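Structure first, then comments.
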Amino acid sequence: MLERIFDPADQEAFARLSGDYNPIHMDELLARRLLFGAPVVHGVHAMLWCLDALCPSFDESELELLSLKAVFSKPIVVGENVCMQQSAARLAPESEVHVRAKLFVNGTAVASISAKFRVAAIRTAYGAQPEQSFPRKVSSRALNDAQLSAMSGSLSLHLPIAAAAILFPTIVRRLPAMQIAAILATTRVVGVYCPGLNSVFSELELSWAENTADCVEYCVSSFDDRFGLATIDLVAPRMTGQLGAFRRPAPRQQRGYAEFLTLVEPQEFAGCRALLVGGSRGLGEVAAKILCAGGAEVRLTYHRGAQDANNIVADITASGGMAAAFQFDISESVLPAVLVSEREWIPTHALYFATPPILSGRKGVFSQQLFNRFGDYFISAFNRIFVQLNAIGTRRFLLPSSSYIDEMPPAMAEYIAAKVAAEDAARILEKSNKGVAIAQPRLPRLATDQTATIAGSEDGDPVPVLLDELRRFVGTVSRE
């Protein structure tokens, strides 16, 4: 079994080679608000890595691709360890070879690849060769339903050999340049043009064809708006096939602060000094706006989303609210001094909304690694923060739990187990520390970046749910 970790440098090299700079792959800050919560590896990059690793398993002959199928069932997050299981078999006639591979992350299958090659004693002549330059960098398009349904176009083919050989030395040496260039162009079709900006590449299927094409031509043959699924017909040099791509949801936007001023009594949270850990988006953003609208003073923390946090603070303060933002990584052992050393601003309430991407696991398989990651957030980091705030006088804490504990979706065992453990740990802290209260409401599925899905969902509005919870949590505040 081969293993590999794709890092940001790999991402940059492949984006330059393929021309697919979609932000879901390349923009760490924006990707945190997209479907998977972090940058993900190009599916075609992972597929070509597999083919490059499998080619040496039979001989050193020149090859031609007869068929290729890849299904990208789950994302590979940049920095994750990817394992490849492989097989290769000679077929009748003896000049053909069939290779298969599956990719796994934390024991969960994320992609399957199947390819058939012909050992080429005499390679088929191609009418042209790809350009040796890198594809021009083009911003990904954002298409509406009508535009996507009617989308078609063509792409020139590029393969700068020296750069390609660094990433894929074996297939560059053994496969026709036009075939490699055409495969690279498929990720540009999906990530840049169709569906473009809001896309997820789900499937690729190519087969040998007698044609004289010298570019890649694509055309949407069907679009299912219920699931955002586009089927794209493809014609390429000596190949035809189809691509499958979903249009993923755009980042969810929460309401502007002005609307909260109409929903909350002006002074119902007056006297509350609230520290929100993880307040730069999602439920943390909503809670910050609710509390400020009710007269609370809020300090919110962010990890990487400085611009998001500053936008929230600007929105609140422009209408007279009291808010400030501070950078804090929950993996650090000590809170920033500015949050805990000002005796005139000891938080009366601390709210903990920090969470990693909530990617579901594998049904019937428990991943210790995934459980540990959730535990680091919901138990270890919260405990470190609790100890420091309790020492300076904070006595009211909010650690939201989840209704998934009651519903028990089978592919979320690690998340559920970590939330249950967090509830138990918080109850122990409560009993062990006089005067401390830790609220743990089991919140339903609410509309945030974390709950967005390709097919869409009927997620609840977080505003009324959090408003009710915060009214219970804050209660009557001492006017010290």
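Bear in mind that the values here come from a model prediction, so they are computed numbers and not experimental data.
In this structure, Phe397 has its ring center closer than 6.0 angstrom to the ring center of Phe386. Taking the six-membered ring for Trp and the full ring otherwise, His303 and Phe328 have centroids separated by 6.0 Å or more. Taking the ring centroids of His45 and Phe6, they lie under the 6.0 Å cut-off. Between Phe366 and Phe371, the gap from one ring centroid to the other is short of 6.0 Å.
With salt bridges taken as basic N to acidic carboxylate O contacts below 4.0 Å, one links Asp424 and Arg427. A salt bridge links Asp10 with Arg4: at least one charged nitrogen is closer than 4.0 Å to a carboxylate oxygen.
Residues that satisfy the side-chain contact (heavy atoms from CB on, under 4.5 Å) test with Ser221, not counting sequence neighbours, are Thr231, Asp233, Gln242. With sequence neighbours left out, the side-chain contact (heavy atoms from CB on, under 4.5 Å) criterion links Ala101 to Cys50, Leu54, Met84.
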Walk me through it: do Leu291 and Leu470 pass the test side-chain contact (heavy atoms from CB on, under 4.5 Å)?
CA-CA 8 Å; Leu291 291 170; Leu470 291 175; 4.1 Å; yes
If you apply the rule side chain to side chain donor-acceptor pair (under 3.5 Å), what do you find for Asp7 with Gln11, and how did you get there?
CA-CA 6 Å; Asp7 61 27; Gln11 295 288 97; over 6 Å; no
Side chain to side chain donor-acceptor pair (under 3.5 Å) evaluation trace for Ser114 with His98
CA-CA 7 Å; Ser114 174; His98 193 182; 2.7 Å; yes
Quick one: do Tyr404 and Arg442 satisfy side chain to side chain donor-acceptor pair (under 3.5 Å)? Show the steps, please.
CA-CA 8 Å; Tyr404 284 143; Arg442 290 185 177 177; over 6 Å; no
Give the intermediate values and the outcome of side-chain contact (heavy atoms from CB on, under 4.5 Å) for residues Val277 and Phe382.
CA-CA 9 Å; Val277 178; Phe382 175 77; over 6 Å; no
Just do the side-chain contact (heavy atoms from CB on, under 4.5 Å) check on Asp315 and Lys289 with the steps written out, would you?
CA-CA 9 Å; Asp315 187 22; Lys289 291 176 178 177; 3.8 Å; yes
CA sep, side-chain torsions, deciding dist, call: Leu206, Ser67, side-chain contact (heavy atoms from CB on, under 4.5 Å)
CA-CA 5 Å; Leu206 299 173; Ser67 65; over 6 Å; no
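Counting only distance, with no hydrogens or angles, the side chain of Glu297 and the backbone of Ala324 share no donor-acceptor pair below 3.5 Å. Although no hydrogens or angles enter the test, the distance criterion places no donor-acceptor pair under 3.5 Å between the side chain of Thr394 and the main chain of Asn390. The main-chain N or O of Ile183 is found under 3.5 Å from a side-chain atom of Thr186 such that the two form a donor-acceptor pair. No side-chain donor-acceptor contact under 3.5 Å links Tyr257 to the backbone of Ala314. A distance-only check finds no donor-acceptor pair linking the side chain of Asp225 to the backbone of Gly228 [under 3.5 Å]. Side-chain atoms of Glu12 do not come within 3.5 Å of backbone N or O of Ala9 as any donor-acceptor pair. In this structure, the side chain of Arg248 engages the main chain of Leu197 through a donor-acceptor pair within 3.5 Å. With hydrogens and angles ignored, the 3.5 Å screen pairs no side-chain donor or acceptor of Thr187 with any backbone N or O of Leu184. Between the side chain of Glu285 and the backbone N or O of Ile312, no donor-acceptor pair lies under 3.5 Å. Remark: the backbone N or O of Ile438 is paired with a side-chain donor or acceptor of Glu430 at under 3.5 angstrom.
Here the CG atom belonging to Asn433 is positioned 11.5 Å from the CD1 atom belonging to Ile428, to the nearest 0.5 angstrom. The CD1 atom of Ile5 sits 5.0 Å away from atom CG of Asn81, with the distance rounded to the nearest 0.5 Å. Note that CD1 of Ile330 is 4.5 Å distant from OH of Tyr377, once rounded to the nearest 0.5 Å. Here the straight-line distance linking atom CZ of Arg273 with atom CD1 of Ile346 works out to 7.0 Å at 0.5 Å rounding. In this structure, NZ on Lys137 lies 11.0 Å from CG on Asp20, to the nearest 0.5 angstrom. With values rounded to the nearest 0.5 angstrom, Arg384 atom CZ is found 11.5 Å from Ile379 atom CD1.
Aromatic ring orientation, His25 versus His42: parallel (interplanar angle below 30°, classes split at 30° and 60°).
Within the 4.5 Å cutoff, the side chain of Met26 has no heavy atoms near those of the Pro23 side chain. For the pair Leu263 and Pro464, the minimum side-chain heavy-atom distance is 4.5 Å or more. In this structure, Met151 and Phe223 have side chains that are not in contact, with every pair of non-hydrogen atoms separated by 4.5 Å or more. The side-chain heavy atoms of Leu243 and Glu203, taken from C-beta on, include no pair separated by under 4.5 Å. Side chains of Leu389 and Pro347 form a contact here, defined as non-hydrogen atoms less than 4.5 Å apart. Residues Pro75 and Val110 have side chains not in contact (no heavy-atom distance under 4.5 Å, counting atoms from C-beta outward). Using a 4.5 Å heavy-atom cutoff, the side chains of Thr108 and Lys74 are in contact. Residues Leu143 and Tyr193 form no side-chain contact, since every pair of their non-hydrogen atoms from C-beta on lies 4.5 Å or further apart.
Ser280 and Asp308 form no side-chain donor-acceptor contact under 3.5 Å, judged by distance and modelled atom types alone. Asp329 and Ser331 form a side-chain donor-acceptor contact under 3.5 Å, judged by distance and modelled atom types alone. In summary, the side chains of Tyr21 and Arg16 do not present any donor paired with an acceptor at a separation below 3.5 Å, with no hydrogens or angles considered.
Ala142 and Gln147 make their closest contact through O-OE1, 4.0 Å (heavy atoms, listed as atom of the first residue, atom of the second, distance). Of all heavy-atom pairs between Glu469 and Leu443, the closest is CG-CD2, 4.0 Å. When all heavy atoms are compared, the tightest approach of Asp461 to Leu446 is O-CD2, 3.9 Å. For the residue pair Leu466 and Ala287, the shortest heavy atom distance occurs at CD1-N, 4.1 Å. Scanning both residues, Pro462 and Leu283, for their nearest heavy atoms gives CB-CD2, 3.7 Å. The shortest non-hydrogen separation linking Glu423 to Ser401 is OE2-OG, 2.6 Å.
Atom CD of Gln369 is surrounded by 12 or fewer heavy atoms from other residues, nucleotides or ligands within 6.0 Å. Residue Arg255 places its CZ atom among more than 12 non-hydrogen atoms of other residues, nucleotides or ligands, all under 6.0 Å distant.
For the pair Lys419 and Phe374, the NZ or CZ position fails the cation-pi test of under 6.0 Å to the six-membered ring centre and within 45 degrees of the ring normal.
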